[in-house]
Each structure stands twice: as C-alpha cells, then as structure tokens.
Amino acid sequence: MPSLSEIYRAHPVHVQHKHPDLNSLQELPESYTWTQHQDQTNNNSTLNHNVPVIDLNDPNASNLIGHACRTWGVYQVLNHGVPITLLHDIQHLGETLFSLPSHHKHRAARSPDGVDGYGLARISSFFPKLMWSEGFTIVGSPLERFRQLWPQDYHRYCDIVMQYDETMKKLAEKLMWLMLESLCITKEDLKWAGAKGQFKKTCAALQLNSYPTCPDPDRAMGLAAHTDSTLLTILYQNNISGLQVHRKGSGWVTVPPVNGGLVVNVGDLMQILSNGLYRSVLHRVLVNRVKQRLSVAYLCGPPANVEICPHEKLVGPNEPRLYKSVTWNEYLGTKAKHFNKALSKVRLCGGMSEEMS
C-alpha cells in the first residue's frame, strides 16, 4: 500500500518554492495583489450565522455534530481531551519555526514532487496570484526535516509533533464515530475501520501555517478558497481571526477562535461517504496588518487504497447513489487536476452544484 508521501509524489503540483521573506516587505508586491475578496463577509450574528460550538461532553453531541455537518460542514469542539499545554507547545513550535531566517527555513524546503517540508500551499498552482502565507507539512516522522532546521535541538521538537499526532489520531477516531453515528453507521458497518473501529490504518498529515502581518490586507489573500480532500480536518488556530467558511445563503462567515477549542472541517471524502448528506466546507483565510496568525491542521484520510463510496445504508430507492467509488489515491489525482471541481468529476447523478454549495 502506498504511503501518503508516495501518493502526493504521484500527483505533483508545480508551485513556486522560492518566495520573499514576507516579514520584510513594507509594501504589497503585485504578485501578491488580489483584485478583491470574492463576496462580502457576513458579520451578522443575529441571524444564526455562527459556526456551531459543541461540547463533546454533551450527551447529545452526536446529533449536534450531525446537524452541523449537514447545515455547515464545519463545527468547533470543546472538552475534546487535548491538553491545553500540548496546544501551546505546538503553537510555540510553529512560532519558533516560522521566525527562523528565510534562508534557514529553505534548508527544509519541500521538493517539487514531495509533500513534506517548508513551502507554499499546494493549491497555489491553481491561482494567478500568490498567497500571503507560508507552510510546513509533516507526513510521518519529522526527524529528517527538523535536523535540517535545528541540528542541536531537533529531538525536543520531534517529541512535540509525535505527541500531537498521536493525540489528534485518537480525537479523529472519536469525531469520526460521532459523525457516523448521526448517520446510523456503526462499527460493524465500516469494515475498513478495523475490528475495533480504531481507524488504525488511516493516513494523515500535519500542516503548520503562518500568516504574517500584511501591509495591505484588504488586497491580499492568506489562503484562497478551497475544500479539503480529507474525511475530516482538525484545526487549531491561535487567538487571531482570519478563517472564513462559505455557507449557502450566508456568504463568507468568520470562524472566530474559541479559547481551548478546535475547528473540525468536513472533507470531500466524508461528503462522498455520506452520499452528500454532509457538505465539504469551502473555506479561506484572510490576513491582517496587526498580528501574525498561526494554525495547525491535522488532515485525516482513509487508508490510501480503500475505496470510499456512499455507504449502503444511505442509498435506496428514494436516495440514489450520488458518487463513484474512489480511493484517496485516485481522488488526490483528480483534485490535483481539477481542484475545487473534483467532487463534480466523481459525481454520478445530477443535482446541486458542488461549488459554493
């Protein structure tokens, strides 16, 4: 079975890997200047335009999560079991990494056909303008890359990443079953989850993102609108706003940081598995001129060669199957070619457009 790194190498996207030190720029370069932010941000909180915040200790958590997945495609969780000290540690790691000199960070630059290391977002190749952000991707052990960054101190940072990865894996398992339980899917119904439903063979990546302060934030874009190719994504963000999700009828809605909270995005593969009942959320990141924003995304997908298709419990005479069967490997190839139209490319039946829905 191919590893996640091998899958990404099989579907390369060509992006510019050398870019200026954003912290040193006093003016917004033309290459980073977007004409305008598409659509207006909806700041009206009186019309139920708030992303749901769910306490995982709530006995009704599964139903609340299911409703959020159907109506938003995103929710925030509290009492998730991740120690606040670990969240602070991973944030400190990100701050330390991105504060390194530009030439130092490029020692661990991602190769053109690779997935791990320092560089621009993979989605950059789909846009004519550059994004005001930098990222660092970790798949598996960060040992080799961290040695390049911290020859003397890499063990300490490796330990933080491995602890964070293991903790996120357990939380992802819990969230997956809460989401599936609301669809009446049990552990016996999902064979690839394993005998005990622990998703032991799932593939995952860790993505650290930095959005430096920007001299002209109204004309810049931190991360352009996209959906995730995952089952689900768990995001930790520091206390700086910037993340926005698109909701039909509401436009762009800001997801404000919640103290101790984590954001959970429904990914494309979950939309397929749920036969369209759960919506993969379109999201983007805006920047500001005052303070750097940091985030850490845990991108969780199935075993690379397991076929994901609408679950049989969700298909019937009145609920036609909407999507083809597809492995994560195959879907990442479709996404690398068609980007935000990838879901439409694996759709079987007509109906609602996948874009901006």
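Just so we're clear, the structure is a prediction, and the values are computed from it rather than from any experiment.
Looking at Arg70 and His67, their side chains never bring a donor and an acceptor atom within 3.5 Å of each other. In this structure, a donor-acceptor pair under 3.5 Å is present between the side chains of Thr227 and Lys335. Donor-acceptor pairing under 3.5 Å is lacking for the side chains of Thr327 and Asn305.
Taking each heavy atom of Ala225 and Phe127 in turn, the nearest pair found is O-CZ, 4.0 Å. Counting all heavy atoms, side chain and backbone alike, Gly222 lies closest to Val287 at CA-CG1, 3.7 Å. A pairwise comparison of heavy atoms in Gly276 and Leu322 identifies CA-CD1, 4.4 Å as the closest pair. Summarising the geometry of Ser133 relative to Leu120, their closest heavy-atom pair is O-CD2, 4.0 Å, with the distance given to 0.1 Å. In terms of heavy atoms, Ala224 sits closest to Arg284 at C-CB, 4.0 Å. Contact between Pro257 and Asn239 at its shortest, heavy atoms only, is CG-C, 3.8 Å.
Contact of the Ile234 side chain with the Val77 side chain is not registered, since no non-hydrogen atoms from C-beta on lie closer than 4.5 Å. Ile308 is not listed as a side-chain neighbour of Ser325, based on a closest heavy-atom distance of 4.5 Å or more. Between Ile123 and Phe339 the shortest side-chain heavy-atom distance falls below 4.5 Å. Annotation: side chain of His246 is in contact with side chain of Trp252 (closest heavy-atom distance under 4.5 Å). For the pair Leu93 and Tyr164, the minimum side-chain heavy-atom distance is 4.5 Å or more. Residues Lys337 and Lys345 form no side-chain contact, since every pair of their non-hydrogen atoms from C-beta on lies 4.5 Å or further apart. Between Tyr278 and Leu273 there is no side-chain heavy-atom pair separated by less than 4.5 Å. You'll find the side chain of Arg289 stays beyond 4.5 Å of the side chain of Thr213, heavy atoms only.
Heavy atoms from other residues, nucleotides or ligands lying under 6.0 Å from CG of Asn259 number 12 at most. Remark: Glu144 CD is loosely packed, at most 12 non-hydrogen atoms of other residues, nucleotides or ligands lying under 6.0 Å away. Heavy-atom neighbours of Lys313 NZ from other residues, nucleotides or ligands within 6.0 Å: above the threshold of 12.
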Please report the C-alpha distance between Leu231 and Trp328 in whole Å, then the side-chain angles of each, then the deciding distance to 0.1 Å, and finally whether the side-chain contact (heavy atoms from CB on, under 4.5 Å) criterion is met. CA-CA 10 Å; Leu231 287 165; Trp328 200 13; over 6 Å; no

Assess the residue pair Trp150 and Leu97 against the criterion (side-chain contact (heavy atoms from CB on, under 4.5 Å)); give the C-alpha distance rounded to whole Å, side-chain angles, the decisive distance to 0.1 Å, and a yes or no. CA-CA 9 Å; Trp150 300 290; Leu97 191 159; 3.9 Å; yes

Before you tell me yes or no, could you show the steps for Leu206 and Val161 under side-chain contact (heavy atoms from CB on, under 4.5 Å), namely the whole-Å CA-CA distance, both residues' side-chain angles and the distance that decides it to 0.1 Å? CA-CA 9 Å; Leu206 205 61; Val161 166; 4.1 Å; yes

Could you walk me through whether Tyr32 and Asp216 pass the side-chain contact (heavy atoms from CB on, under 4.5 Å) check? CA-CA 10 Å; Tyr32 286 85; Asp216 193 355; over 6 Å; no

Applying side-chain hydrogen bond (donor to acceptor under 3.5 Å, both in side chains), run through Asn209 and Ser295 and close with a yes or a no. CA-CA 5 Å; Asn209 301 303; Ser295 68; 3.2 Å; yes

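In this structure, CE on Met270 lies 11.5 Å from CG on Leu277, to the nearest 0.5 angstrom. Remark: His80 NE2 to Lys170 NZ distance equals 15.0 Å, nearest 0.5 Å. We find the CG-CD1 distance between Asn79 and Ile54 to be 12.5 Å, quoted to the nearest 0.5 Å. With rounding to the nearest 0.5 angstrom, the CG atom of Leu175 is 4.0 Å from the CG atom of Leu171. Considering CG of Leu28 and OG1 of Thr33, their distance stands at 3.5 Å, rounded to 0.5 Å.
Remark: aromatic rings of His283 and His226 are close, center separation under 6.0 Å.
In this structure, Arg145 contributes its side chain and Asp116 its backbone to a donor-acceptor pair below 3.5 Å.
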